[in-house]
Amino acid sequence: MASFTLQGIPVSRGIAIGRAHLLRPAALDVQHYLVAQEQVEAEVLRLQDAIARVHKDLQALWSDLPQDAPTELGAFIDVHALILSDPMLSEAPLDIIRTRHYNAEWALVTQIDELSAQFDEIEDDYLRERKADIQQVAERVLKVMTGTANTVPRSDGIDERSANMIVVARDISPADMMQFRDVAFTGFVTDEGGQNSHTAIVSRSLGIPAVVGMGNASRLIEQDDWLIIDSDAGVVIVAPTTLVLDQYRERQLLLQKARKKLTKLRKTPSITQDGVEITLLANIELPQDAAAALEAGANGVGLFRSEFLFMERSGQEHQLPSEEQQFDAYRMAVTAMKGRPVTIRTLDVGADKPLDSTEHNVLNPALGLRAIRYCLAEPQLFLTQLRAILRASAFGPVKLLIPMMAHGFEIDQTLAMIEQAKASLAAEGKKFDADIAVGAMIEIPAAALSLPMFVKKLDFLSIGTNDLIQYTLAIDRADHEVAHLYDDLHPAILQLLYMVISAGQKADIPVSICGGMAGDIRLTRLLIGMGFRELSMPAALLPEIKQEILNTRMEALQIPVRKILRSYDAAVIRETLASMKASAPVLH
Ligand code: PEP
Ligand code: MG
């Protein structure tokens, strides 16, 4: 196969080399995982049992047919029974389980894909249309299996095999992404998504190379194709030649070495050359991520995106985590951070993080009932979460962060609910930090334009640049068609950021940035030059940002930063930013 290159939007760093693992969309959407050698026969049996069950179901359907049923119906069932007995469907997937170690559902779907492709080639209309029958039979088998699918261990003994697989999909929902966390895939490629879509965020926090917004990669790339992801360039090379593969392997090695070198900075405080300390915090999605945050040398957690706890699906039926389950998760993060502050953001669902798939039908999810709006509309759910977070605050420093606030009454209602949660815990004699700091995400332009409302009532602010850019520039952060308009250097964004930090300084309350801009090394000097002293980012990016700070002299930033903030000319802004970088001394 000839090699070709696809271009997309880079969302994380590094190089990944591996084989394509295609995820199927929609109707035959199933879990994909590899089973350990000793579980292969059990997996084969699971598929055989499901096929036998469907045989029985078809027989029962046949015998229950009413006398006056149209004859086509009986013939239809016969065709399905025949398809089910055909070795192409009853045996080939078993071979796939045995040879490739795919889980049963994946093996079946892989085989259906192959059959479907063969059917597409058939000239005869009637025969070609039998493809739909095959898919329906497969769906029946899958339906029988999904009830038991989750009982199969998903990550035992599979790391080596999955370690060089690259997931290729039309799109990966944040919920599915959470499932991939358990399996060490080496990269992600998606047709859709933007730089700060939540799928991109998770891949960044996993430190895994990814390219999104590729348009039609999932149609051009085939199962098991060799791929190279050059995520810094946003490029995917399909079926590379040996020469190219070797070059990239070498580059990969060099990058790994450079990264390893940076880990030496773990305990070095992040202070500029002229003595200004910058607090570097980590963004986490699950309590387990706290380990990587510590490993990277984070001063704490600046953003715990708690909604990801609500997205881990246990089975088909969606279940919200109870107060106890949430408490356990928050406490785990708090204790893991060993006395460093943990900023827990309350549930931020909606838009590209739906709690269940039906939410996709909402008219305009990004402008809909999301985040704090959702929580205030579901007070019981919100109170449960507030109680769990408060209880965790008895185990170490915790801050409460509220997403998507825009209105004064939202602040008042939220603070009242926090008081209510505190009172209920006090009445039960449960411990919590009565003085817990409460802050707001500034991520809606309206909030940035009405800061006095916020600084008066809250203890700190944290800027969510991902949404702030989305709402200010009116571009969907997950839509690759408008990704080129996503511009963090747009004067409007820089002005808003400056307004927020200035208001925070005036009111003497801390302001951090926890959106993507905080982890973008191109912007580090600009942000600290503007006055930001707290940046929160994916742990994987933290060491290089620290190195940048160690290389910076704050004094040298004043004039160029002022020039950038006064300019409304994109070229001047970019040139000045580049000059800030070039003039910096290099640390050896
Ligand atoms: C943001 O909007 O910048 C942010 C940090 O929150 P999230 O990416 O989870 O929306
Ligand atoms: Mg946000």
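Hydrogens, waters and symmetry mates are skipped; everything else that's a heavy atom, side chains included, is used. Just follow the structure's listing: the first ligand is 1, and inside any ligand the first atom is 1.
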Does only the side chain of [X] get under 4.0 Å from ligand 1, or the backbone, or both, or neither? Count heavy atoms.
X    : value
Q470 : neither
D348 : side chain
I201 : side chain
L303 : side chain

Could you tell me the residue and atom name of the protein heavy atom closest to atom 8 (O) of ligand 1, and the distance to it rounded to 0.1 Å?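 Nearest protein contact, heavy atoms only, for atom 8 (O) of ligand 1 is R477 NH2, 2.7 Å.
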
**Item:** atom 7 (P) of ligand 1: nearest protein contact (heavy atom, Å)
**Value:**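 Result for atom 7 (P) of ligand 1: H198 NE2, 3.4 Å.
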
I'd like to know if [X] pairs up with [Y] as an ion pair, taking the criterion as any Lys NZ or Arg NE/NH1/NH2 lying under 4.0 Å from an Asp or Glu carboxylate oxygen.
X    : Y    : answer
R522 : E548 : no
K399 : D459 : no
D467 : R370 : yes

Report yes or no: does D348 have an N/O/S atom closer than 2.8 Å to the Mg ion (ligand 2)?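 D348 does not place any N, O or S atom closer than 2.8 Å to the Mg ion (ligand 2).
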
Numbering the atoms of ligand 1 from 1, which are under 4.0 Å from a heavy atom of [X]?
X    : value
C514 : 5 (C)
G515 : 3 (O), 5 (C)
M441 : 4 (C), 5 (C), 6 (O)
E443 : 1 (C), 2 (O), 6 (O)

- Task: Looking only at N, O or S atoms, find the one in D467 nearest to the Mg ion (ligand 2) and name it.
- Result: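 The D467 atom nearest to the Mg ion (ligand 2), restricting to N, O or S, is OD2.
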
Report the atom name of the nearest N/O/S atom of E443 relative to the Mg ion (ligand 2).
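Nearest N/O/S atom: OE1.
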
Reported [atom1]-to-[atom2] distance for the pair [X] and [Y], which is rounded to 0.5 angstrom:
X    : Y    : atom1 : atom2 : value
M441 : C514 : CE    : SG    : 3.5 Å
D232 : L255 : CG    : CG    : 6.5 Å
R566 : L494 : CZ    : CG    : 14.5 Å
F308 : D348 : CZ    : CG    : 9.0 Å

Discussion item. Is there a polar contact between ligand 1 and R305, counting only N or O atoms under 3.5 Å apart?
Written reply: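 Yes; the residue has a nitrogen or oxygen that sits under 3.5 Å from a nitrogen or oxygen of the ligand.
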
For Y486 and D476, indicate whether the former's side chain and the latter's backbone hold a donor-acceptor pair under 3.5 Å.
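Side chain of Y486 to backbone of D476: no pair is present.
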
- Task: Give a yes or no on whether D508 atom CG has more than 12 heavy-atom contacts from other residues, nucleotides or ligands under 6.0 Å away.
- Result: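 Not buried by this count: 12 neighbours or fewer within 6.0 Å.
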
Practice task
Indicate the ring-plane relationship of F395 and F327, choosing parallel, tilted or perpendicular according to the 30° and 60° boundaries.
Solution key: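 The rings of F395 and F327 sit tilted, inter-plane angle from 30° to 60°.
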
Contact with ligand 1 for R345, non-hydrogen, under 4.0 angstrom:
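So R345 counts as touching ligand 1.
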
